[in-house]
Amino acid sequence: MAQIEYKDLLDAGVHFGHLTRKWDPRMAPYIFMEKNGIHIIDLNKTVAALDEAANAIKGIVRSGRKVMFVATKKQAQEIVSEEARRLKMPYVTDRWQGGMLTNFATIRKSLKKMQTLDKMLKDEETVKSIAKRERLTRSRDKEKLERVLGGIADLTRLPAALFVVDVKREHIAVAEAHRLGIPVFAMCDTNSNPEEVDFAIPANDDAYKSISLITLAIGKAIEEGLMERKQDKDDQRVQEEEDAKRNEDLAQAKAEGASAAPEVEVAPAAVAEDETEA
């Protein structure tokens, strides 16, 4: 992953924490100093944590698994949803529906209902056959489901990891992931508890620029993981083709060798000697 410059973090305001009276003492290792009643985050720790998180998340994606983006705060919704769609990863930016992970079977039923409504409303004959009032009701139901579940419409199994913006706001999602043993990568501000997540990235989780910078860095790591996975699959396919060709050549050479082998003839003199000895 391309190393983020210290200056980029400063320009994005990643170092600005919350008021000192709102801090969580467990964030102390990541705080550099206090200035004007505000805690300043140690950006050296941010760079190290981001690098560690990026390497870990790249490995998860390289293995062929999904990372779910979770960010329901207004300033994070746009950038997170755009990046998740670009990478074809699941995301939740409207609101976290309780049980989205721990009760995934029920969520899948809701997804199936959403797909059924979508298919029905696209069928002109079906639309014409139902009353206008019922059609409006079903359209509203579809829009509501799409708003809440649209980002996970293609999710067929639980994600392998979560990337979360604002641990305090998304505490339900973090708790569900923790319960299922799903690793959580999260931006942690000075009012957060970094011990609740597996990979804490100390950063300002309120400013749009800060959220954008960290999200794009994680997105870049995921993109690299996807490219490496594609390369691995290509290499595997080439290797399989080479092995198949090699086996085919060996089989052909063996067959040609068997057909070209001369028949052994016994000389008459040798036969006579054998009879004399007998």
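Owing to the predicted nature of the structure, the values given are computational and were not obtained by experimental measurement.
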Heavy-atom count around Phe104 CZ within 6.0 Å, excluding the residue itself: above 12? yes

Check for me, please, whether Met100 and Leu180 land in the same ILVMFWY cluster - side-chain distances under 4.5 Å, paths through other members count. yes

Under a single-linkage definition using a 4.5 Å side-chain heavy-atom cutoff for Ile, Leu, Val, Met, Phe, Trp and Tyr, are Ile38 and Leu10 assigned to the same hydrophobic cluster? no

Considering all heavy atoms, the nearest Ile41-Val14 contact: CD1-O, 3.7 Å

For a quick test of reading the model, state the closest non-hydrogen atom pair linking Asp189 to Phe16 and the distance between them. OD1-O, 4.0 Å

Take atom CG in Asn36; do more than 12 heavy atoms of anything else shown fall under 6.0 Å from it? no

Looking at Thr137 and Arg133, would you say the former's side chain and the latter's main chain have a donor-acceptor pair under 3.5 Å? yes

Who are the side-chain contact (heavy atoms from CB on, under 4.5 Å) partners of Ser63, not counting sequence neighbours? Arg65

Euclidean distance, Lys132 NZ relative to Ser139 OG, rounded to 0.5 Å: 11.5 Å

Report the C-alpha distance between Val67 and Val61 in whole Å, list the side-chain angles of each, state the deciding distance to 0.1 Å, and finish with yes or no for side-chain contact (heavy atoms from CB on, under 4.5 Å). CA-CA 7 Å; Val67 177; Val61 175; 3.8 Å; yes

Between Thr72 and Arg169, do the side chains contain an N or O donor and an N or O acceptor separated by less than 3.5 Å? yes

Met120 and Leu111: same hydrophobic cluster, using ILVMFWY side-chain contacts below 4.5 Å? yes

Step by step, would you call Val70 with Thr93 a side-chain contact (heavy atoms from CB on, under 4.5 Å)? CA-CA 6 Å; Val70 183; Thr93 54; over 6 Å; no

Quick check for you: to the nearest 0.5 Å, what is the distance between Asn55 atom CG and Asp51 atom CG? 5.0 Å

Hey, are Asn103 and Thr106 close enough side-chain-wise for a donor-acceptor pair under 3.5 Å? yes

Nearest heavy-atom contact between Ala153 and Met114 is CB-CE, 3.8 Å

Taking atom OH of Tyr6 and atom CG of Leu43, what is their separation to the nearest 0.5 Å? 4.5 Å

Do Asp24 and Arg26 meet the salt-bridge criterion of a basic N to acidic O distance under 4.0 Å? yes

Arg86/Glu83 ion pair, N-O < 4.0 Å: yes

In terms of relative ring orientation, are Trp23 and His39 parallel, tilted or perpendicular, with 30° and 60° separating the classes? tilted

Any non-hydrogen side-chain atom of His15 less than 4.5 Å from a side-chain atom of Leu9? no

From Gln236, Arg237, Gln231, residue fulfilling side-chain hydrogen bond (donor to acceptor under 3.5 Å, both in side chains) relative to Asp234: Arg237

For the residue pair Asp243 and Gln239, confirm or rule out a side-chain donor-acceptor distance under 3.5 Å. yes

State which residue, out of Arg138, Lys142, Lys112, Lys113, fulfils the salt bridge (charged side-chain N to carboxylate O under 4.0 Å, His left out) condition with Asp118. Lys142

Any side-chain heavy atom of Val92 sitting closer than 4.5 Å to one from Ile152? yes

Are Thr102 and Arg179 close enough, and set up right, to give a side-chain contact (heavy atoms from CB on, under 4.5 Å), and what steps lead you there? CA-CA 8 Å; Thr102 53; Arg179 183 176 175 183; 4.0 Å; yes

Point-to-point distance, once rounded to the nearest 0.5 Å, from CD of Gln75 to CG of Asp166: 8.5 Å

Determine whether Ile201 and Met27 fall in the same hydrophobic cluster, where Ile, Leu, Val, Met, Phe, Trp and Tyr are linked whenever their side-chain heavy atoms lie under 4.5 Å apart. no

Distance (rounded to the nearest 0.5 Å) between Leu216 CG and Ile211 CD1: 11.5 Å

Does any part of the side chain of Met187, heavy atoms only, come nearer than 4.5 Å to the side chain of Ser192, both counted from C-beta? no

Asp205 and Lys73 ion-paired at < 4.0 Å: yes

Please walk me through it: do Phe69 and Phe163 pass ring-ring contact (aromatic ring centres under 6.0 Å, His included)? CA-CA 5 Å; Phe69 288 67; Phe163 170 66; 5.6 Å; yes

Can you name the closest pair of heavy atoms from Ala217 and Ile4 and give their distance? CB-CD1, 3.5 Å

Looking at side-chain heavy atoms only, is the closest gap between Leu155 and Met68 below 4.5 Å? yes

Report yes if the side chains of Arg140 and Leu136 come closer than 4.5 Å at any heavy-atom pair, otherwise no. yes

Leu226, Phe185: one ILVMFWY side-chain cluster at the under-4.5 Å cut-off? yes

Check this for me: Met227, atom CE, are more than 12 non-hydrogen atoms of other residues, nucleotides or ligands nearer than 6.0 Å? no

Any side-chain heavy-atom pair from Asn204 and Lys209 closer than 4.5 angstrom? no

Residue pair Leu162 / Val197, side-chain heavy-atom distance below 4.5 Å: no

Which atom of Leu101 lies closest to which atom of Leu158, heavy atoms considered: O-CD2, 3.5 Å

Which heavy-atom pair separates Ala71 from Val80 by the least distance, and what is that distance? CB-CG2, 3.7 Å

Are the side chains of His18 and Asp206 in touch, meaning some heavy atoms are under 4.5 Å apart? yes

Straight-line distance of Lys144 NZ to Leu149 CG, nearest 0.5 Å: 10.5 Å

